[in-house]
Amino acid sequence: MDHPSQPSVRHFDHCPWLFADGATEEQRAAQREVQRAVGGDTGIGERCYVAQSAAVFPDRLRLGDDSYIAAHAYVTGELDTGSHCTLNPFTTVRGNVVLGHGVRIGAHTSLLGFNHSMAPDRPVFRQPLTSRGIRVGDDVWIGSHVIVVDGVTIGDHCVIGAGAVVTRDLPAWSVAAGNPARVLRDRRGVEAAPAATPAPSGMRPDDGRTPTTRPAPDPEPGAAADNPQPTPHDRRPVRVAAAADTEAAAAAPGRRPDDSRTPTTCPAPDPEPGAAPADNPQPAPHDRRPVQMASAADTEAAAAASGRRPDDSCTATTRPAPDPGAPHDRRAVRVAGAAGAEVAGAVAAEVADLSAMRPGGGRTPTNRPAPDPRTATLAAFADTARDHAAGLLDRCWDGERYVDRPGAVPTVRAHSDAVEIADLLLGAVPEHLSAEEHIGRLSGLQDPKSGLVPEFGEPLPVADADGFIGEGAALYHVLCVGYALDLLGPGLPHPVRGVRDMTARQLVVRLDALPWRTGAWGAGAWVDSLATAAHWNLRHDDGGDNGHGTPESLFGWLLTRADPWTGMWGSPSAEEGRLQVVNGYYRLTRGSFAQFGLPVPYPERVVDAVLDHARDARYFGPGRENACNVLDVAHPLWLCTQQLGRGADGYRSGEIDDWAERQLATLLPRWQDGGGFGFGPGAAGPGPAPGLQGTEMWLAIVWYLADLLGRSGELGYRPRGIHRPEPARQGIAGLS
């Protein structure tokens, strides 16, 4: 087909995958205007495209990098996507919908993340709306004319055949089709067990057809059922004749279960990355070639070799070259000849090895993974940090006390940070003082009567009516001095009396009065300080809470006030987005749930909210990340994965891994030999110059990011102070 030499906007609307390479500067400027004109709370990533002809009227939109909304799509409500997601022409997405990375949605498909009630006491148009939302994992291919109803979760790596109506959750790796949709087989080559057809719910009962047991010949792989004639492109697999094959036959993801075609091993050639199954019968560079077997005995091995990225244009070979830029790359392997069965077995093992690894992993696609250069990078970074630890501490010792960086004034936190860094990298105390001198100096800073530690040269803060303070450096000193002394051995010598003597009623009144709507960060920091003081107090014979039940009241209040939609405390704002809420969540949970070893409420919703915040370009755009903002995402993700699991079975693990990989790749080169890390750009915190606070925080962040990826062991260090991953105690009473 001939195309115009310069595609028009209408052409790009229908073929947005061509825009990045083919648009003029004028067209790019026009596209930026289209994106700016999208209403609601909107954040659109890099290299995205929103069709001019699409009806995009969201309450909130987060479109990940390299994603697009094509011609005549209809988007309302709240849509949150990862990177490389595609809404093809005439797609409808409404209600509350969350997509992972690499989700391809075919033309004319509807994701309806809301519903009407249907009580008999009023007309349908007067019924209230409900919304449980739709969640779609990573690497998911949803065919054309599919309907997904409210409340459905679709697991990672699923393929859903054209025309399916999805009314129930689908597990990871499912190949599903039908009305209502059911799992037909596992994409890795395992055939699903026969299951009863689920009762339809949430969809129109106007399709009464059932899948036939002997479909007609296929015009070509994955093509629409509009031509019953076989063609030279037919590549039917050899199948073992068995009754069970009638169920597996419906597994071809490119068609509906009532499509009278012979099953094929793969969907149609794709006209663009992630095009819907059965959308276009014409071959294209994005061909997904099937595995060819030499005999019927090879059928099972052939099924194991399926699944790969839709932008592979190379001829299939027995050992495809790895594509470092394509995290979901799983190229098929063609096996032919008399030795097909033996080769197919080896291929199936190799593909199984690939499918078991995390998307985005850096292994060479072989049965024996090659050494991962990224782990070597982590180890090299840690070795460099250890080599320079003594020097960067020397740099921040002014001869009498510690400063955050040369030229700054001495602070209590700088001394505490020096103790933390020396323990983390050197397993020792900073050599400028003996251990006894460090202990004496830090212990002597605590006021025996109140248990508070003021800043150098500042008066003791005045307590509020309930006996504890509400703001100021002394709040954080409960954490940093307490943990520095904990690393040195003795801990704080005196209880924090304002927390020890506070009654449960006083605590609840204070919690209710904290600025959760306007300053959730500060509110979370206050809870962190109070809970940490309660932790130290439990170590004292005269400490605890004098029998007031204050710690129990704290957790009772927190558990009953957590927002079930976000798992957090506080509200986002148009001016700051989720910054206050997410950063406050980190501080609050660090001192309470994490420090006391208790599970956080609603961990899935927390992950959703944190990942949404992590795409806010105001705080995570290139060169804008500071230590607070990155730590306040990394730690909640890490904390929640401890409850939800990680890897292929973990909640949104692929997206978490991708975020952690990107942060590490950005962070490690920022290390400055002899100086450490700067806190971050701009005026927030200590600023961009390397110093003790930035170094202490970023070293902990590196550990959490590496641990999210299962690679923290390469660092050879583990935080033991404020940022320790283990609980300081298990439960409210008694030491761990």
Side-chain angles (χ1 to χ4, degrees), residues 377-442 444-445 453 455-458 473 476-477 479-481 483-488 623 625-628 630-631 664 666-703 715-723:
T377 300
L378 285 173
F381 160 76
D383 288 342
T384 298
R386 278 186 284 269
D387 290 343
H388 289 267
L392 69 88
L393 292 172
D394 283 341
R395 176 177 176 268
C396 296
W397 171 254
D398 71 358
E400 291 294 331
R401 292 183 291 190
Y402 290 97
V403 297
D404 181 72
R405 59 202 179 280
V409 298
T411 61
V412 172
R413 177 168 185 164
H415 192 161
S416 302
D417 286 338
V419 172
E420 292 248 15
I421 292 168
D423 180 84
L424 191 69
L425 295 179
L426 303 175
V429 300
E431 61 183 10
H432 311 97
L433 300 169
S434 67
E436 292 73 18
E437 289 172 318
H438 282 292
I439 292 170
R441 286 198 179 192
L442 290 171
L445 296 173
V453 177
E455 186 56 87
F456 292 140
E458 295 184 4
Y476 194 77
H477 293 167
L479 280 65
C480 67
V481 175
Y483 271 105
L485 285 168
D486 191 55
L487 291 172
L488 293 167
E625 306 93 339
N626 66 44
C628 273
V630 177
L631 175 63
L664 276 178
T666 300
L667 164 59
L668 295 183
R670 293 179 179 171
W671 172 269
Q672 300 183 40
D673 289 348
F677 284 113
F679 176 81
L692 295 181
Q693 181 179 338
T695 300
E696 187 275 325
M697 293 183 71
W698 284 116
L699 286 172
I701 292 166
V702 169
W703 187 91
L715 292 167
Y717 69 74
R718 186 181 184 90
R720 298 197 311 132
I722 289 177
H723 300 116

Participant: List for me each residue that meets salt bridge (charged side-chain N to carboxylate O under 4.0 Å, His left out) alongside Glu625, sequence neighbours excluded, and say none if there are none.
Facilitator: Arg670

Participant: Work out which heavy atom in Leu393 is nearest to a heavy atom in Pro430; give both atom names and the distance.
Facilitator: CD1-CB, 4.5 Å

Participant: Tell me which donor-acceptor pairs under 3.5 Å the side chains of residues 672-697 have, and how far apart each pair is, sequence neighbours excluded?
Facilitator:
residue: Asp673; atom: OD1; partner: Trp671; partner atom: NE1; Å: 3.0
residue: Thr695; atom: OG1; partner: Phe677; partner atom: N; Å: 2.9
residue: Thr695; atom: OG1; partner: Gly691; partner atom: O; Å: 2.7
residue: Glu696; atom: OE2; partner: His723; partner atom: ND1; Å: 2.8

Participant: Under the criterion side chain to side chain contact (heavy atoms under 4.5 Å, CB included), I'd like the reasoning laid out for Val419 against Tyr402: C-alpha separation, chi angles, the key distance, then a yes or no.
Facilitator: CA-CA 10 Å; Val419 172; Tyr402 290 97; over 6 Å; no

Participant: Please tell me if the side chains of Leu664 and Val702 come closer than 4.5 Å, counting only heavy atoms from C-beta onward.
Facilitator: yes

Participant: On a heavy-atom basis, which atom in Pro410 and which in Glu455 lie closest, and how many Å separate them?
Facilitator: O-OE2, 4.5 Å

Participant: Side-chain contact, heavy-atom cut-off 4.5 Å: Asp394 with His432?
Facilitator: yes

Participant: Are any side-chain N or O atoms of His415 and backbone N or O atoms of Leu442, one a donor and one an acceptor, separated by less than 3.5 Å?
Facilitator: no

Participant: Does the side chain of Leu445 reach to within under 4.5 Å of the side chain of Phe456, using non-hydrogen atoms?
Facilitator: yes

Participant: With Arg441, which residues qualify under salt bridge (charged side-chain N to carboxylate O under 4.0 Å, His left out), at least two apart?
Facilitator: none

Participant: Under the salt bridge (charged side-chain N to carboxylate O under 4.0 Å, His left out) rule, collect the residues that match up with Arg413, sequence neighbours excluded.
Facilitator: Asp417

Participant: Side chains of Leu433 and Trp397: does their closest heavy-atom pair fall under 4.5 Å?
Facilitator: yes

Participant: Ignoring hydrogens, what is the shortest heavy-atom contact between Leu715 and Ala382? Give both atom names and the distance.
Facilitator: O-CB, 3.0 Å

Participant: Roughly how far apart are Asp387 CG and Leu392 CG, rounded to 0.5 Å?
Facilitator: 11.5 Å

Participant: One pair to check against side chain to side chain contact (heavy atoms under 4.5 Å, CB included): Trp698 and Val630. What are the steps and the verdict?
Facilitator: CA-CA 9 Å; Trp698 284 116; Val630 177; 3.8 Å; yes

Participant: In chain order, what residues pass the side chain to side chain contact (heavy atoms under 4.5 Å, CB included) check against Leu424, with sequence neighbours excluded?
Facilitator: Leu699, Tyr717, Pro719

Participant: Mind checking salt bridge (charged side-chain N to carboxylate O under 4.0 Å, His left out) for Asp404 and listing every partner two or more places apart, or none if nothing turns up?
Facilitator: none

Participant: Below 4.5 Å, heavy atoms only, C-beta onward: do Leu668 and Leu378 meet side chain to side chain?
Facilitator: yes

Participant: Measure the shortest side-chain to side-chain distance between Phe381 and Leu667 over non-hydrogen atoms and say whether it is less than 4.5 angstrom.
Facilitator: no

Participant: Taking all atoms of both residues into account, what is the closest heavy-atom pair of Pro669 and Thr666, and its distance?
Facilitator: CD-O, 3.5 Å

Participant: Can you tell me how far apart OG (Ser416) and CG (Leu485) are? Round to the nearest 0.5 Å.
Facilitator: 7.5 Å

Participant: Tell me the closest heavy-atom pair linking His438 and Val429, and the distance in Å.
Facilitator: CD2-CB, 4.0 Å

